[in-house]
Amino acid sequence: MQQRLGTTERADRFYRDQVLDHLNARMQEFVGRQEMFFLSTADRHGECDATFRAGPPGFVQVLDARTLAYPEYRGNGVMASIGNISENPRLGILMVDFTRDRIGLHVNGRARVVMDEEMRAGHPGLPVDPVPGRRAQLWVMVEVEEAYIHCAKHIPHLQKVPPQQRGARAWGTDDFKRKGGDFFDAAAEAGDRAPFRRPERKNEHLRGGLHEDTPGEAPAAHGTGQEDGPVPGNGHGSALDGTAIPGPPSRIAETGPSSSARAADAPGRDDFVGELNAEFLDRVERVLARAQPRRPAEDEPEFRGWFGRRDV
């Protein structure tokens, strides 16, 4: 994609200059004063979830240059992020300072879930929050694999509302109104629809493999039938055993029937998958054919935005 759009040189320069495999001193200081971040996770099927975490300054703990941890407070009980991590330990964190430096920090890595008691046994210096709703039930420890800047040019400059003009935040409350009530009228419409249920996944949604909606049997399991990862769930609200949650199964060679033998057992499957992939790639090619490499106009002083307007 970088080659097609002519951005390879800029991307290589960014990787060389900005992407680290750890948190340097300035990054650690930045993390230590943040009061919120955005979190992205995905389950074993690749279905994504984006969410928001907040706390007092320092609620994200920098344990060392390659490890940070954040607390999971009492929420709505869905456990979407924790459930995803139990199936797929990869996550992405974006911290944005809207008020002071107007800059962001990306942290990508592998996560594991730790009970509060275990976390404090290993790190006895962790502070105990006096607010009941901000007392951690779980912690998520993140092994940092990538850390890099999010540039300032599109980050709005915001100001905090003075304390006397805002109400106290209702940490950990179950009060319906204080949590926001039915702001989007979803509950008001509940009687007119069936309860939401995620579709059952029989096939993995992996490029080059069966499409999730393709009829037929799921691909054979890797290994000898003994998986290293957790028991498959729906990605949301998976059970925790109170210890660090293992990652996904290793990608090792299959010891069962070869792929060609499985294809013979499922005639027409590979043809169907091939047609799906060909159609997808054809659409991508059509889009790329219309995309011409652009000169780095945004680096020029007279640049007024891609849509001919100044930032406001």
Side-chain angles (χ1 to χ4, degrees), residues 31-43 45 47-61 68-88 91-100 102 104-107 111 113 115-116 127-140 142 150 154-199 233-240 312:
V31 171
R33 57 183 171 82
Q34 297 310 302
E35 299 180 50
M36 66 178 190
F37 66 84
F38 303 97
L39 173 67
S40 62
T41 59
D43 66 14
H45 297 291
E47 293 205 6
C48 302
D49 184 83
T51 190
F52 171 81
R53 293 289 183 268
F59 83 108
V60 181
Q61 296 285 317
L68 56 79
Y70 65 85
E72 282 286 338
Y73 301 140
R74 189 173 187 274
N76 59 12
V78 174
M79 299 290 182
S81 300
I82 298 298
N84 284 347
I85 291 171
S86 73
E87 297 185 352
N88 175 3
L91 56 66
I93 289 173
L94 173 60
M95 302 180 186
V96 182
D97 183 344
F98 293 100
T99 61
R100 192 178 105 175
R102 210 167 56 82
L105 175 65
H106 291 267
V107 178
V113 180
M115 298 299 289
D116 184 60
V128 177
D129 201 304
V131 179
R134 287 203 312 246
R135 290 178 185 166
Q137 298 184 324
L138 307 167
W139 289 79
V140 176
V142 180
H150 188 102
H154 297 150
I155 297 177
H157 192 181
L158 308 180
Q159 293 182 339
K160 284 187 175 182
V161 176
Q164 61 272 20
Q165 297 181 22
R166 64 174 186 262
R169 284 188 278 185
W171 297 99
T173 185
D174 280 330
D175 184 272
F176 182 71
K177 291 184 177 179
R178 299 192 74 191
K179 288 167 60 177
D182 188 23
F183 185 87
F184 293 105
D185 291 333
E189 301 167 355
D192 301 327
R193 65 174 188 273
F196 175 77
R197 293 287 184 272
R198 285 184 173 271
N234 65 359
H236 298 292
S238 299
L240 299 174
V312 293

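Below, all heavy atoms of this structure are taken into account, side chains as well, without hydrogens, waters or symmetry copies.
Separation of atoms CE (M95) and NE2 (H106) is listed at 11.5 Å; rounding is to 0.5 Å. A distance of 12.0 Å separates CD in Q34 from CD1 in I93, rounded to the nearest 0.5 Å. In this structure, CD on E87 lies 12.5 Å from CD1 on I82, to the nearest 0.5 angstrom.
Taking each heavy atom of Q61 and W139 in turn, the nearest pair found is CG-CZ3, 4.0 Å. Nearest heavy-atom pair across Y73 and P56 is OH-CD, 4.0 Å. Scanning all heavy atoms of the two residues, the minimum distance from V140 to A111 falls at CG1-CB, 3.7 Å. For the residue pair R53 and S81, the shortest heavy atom distance occurs at NH2-OG, 3.6 Å. A pairwise comparison of heavy atoms in A186 and R193 identifies O-NH1, 3.0 Å as the closest pair.
Within 6.0 Å of atom CD in Q159, 12 or fewer heavy atoms from other residues, nucleotides or ligands are found, so the atom counts as exposed in its surroundings. F52 CZ: more than 12 foreign heavy atoms inside a 6.0 Å radius. Heavy atoms from other residues, nucleotides or ligands lying under 6.0 Å from CZ of R74 number 12 at most.
Side chain of D49 to backbone of N84: no donor-acceptor contact under 3.5 angstrom is found. T41 contributes no side-chain N or O that, together with a main-chain N or O of I85, makes up a donor-acceptor pair within less than 3.5 Å. One N or O on the side chain of R135 and one on the backbone of D129 form a donor-acceptor pair closer than 3.5 Å.
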Step-by-step side-chain contact (heavy atoms from CB on, under 4.5 Å) determination, M79 to S86: CA-CA 10 Å; M79 299 290 182; S86 73; over 6 Å; no
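Using a 30° and 60° split on the angle between ring planes, F38 and F98 fall in the perpendicular class, above 60°.
Considering R102, K160, R33 in turn, R33 is the only one that fulfils the salt bridge (Lys or Arg N to Asp or Glu O under 4.0 Å) rule with D97.
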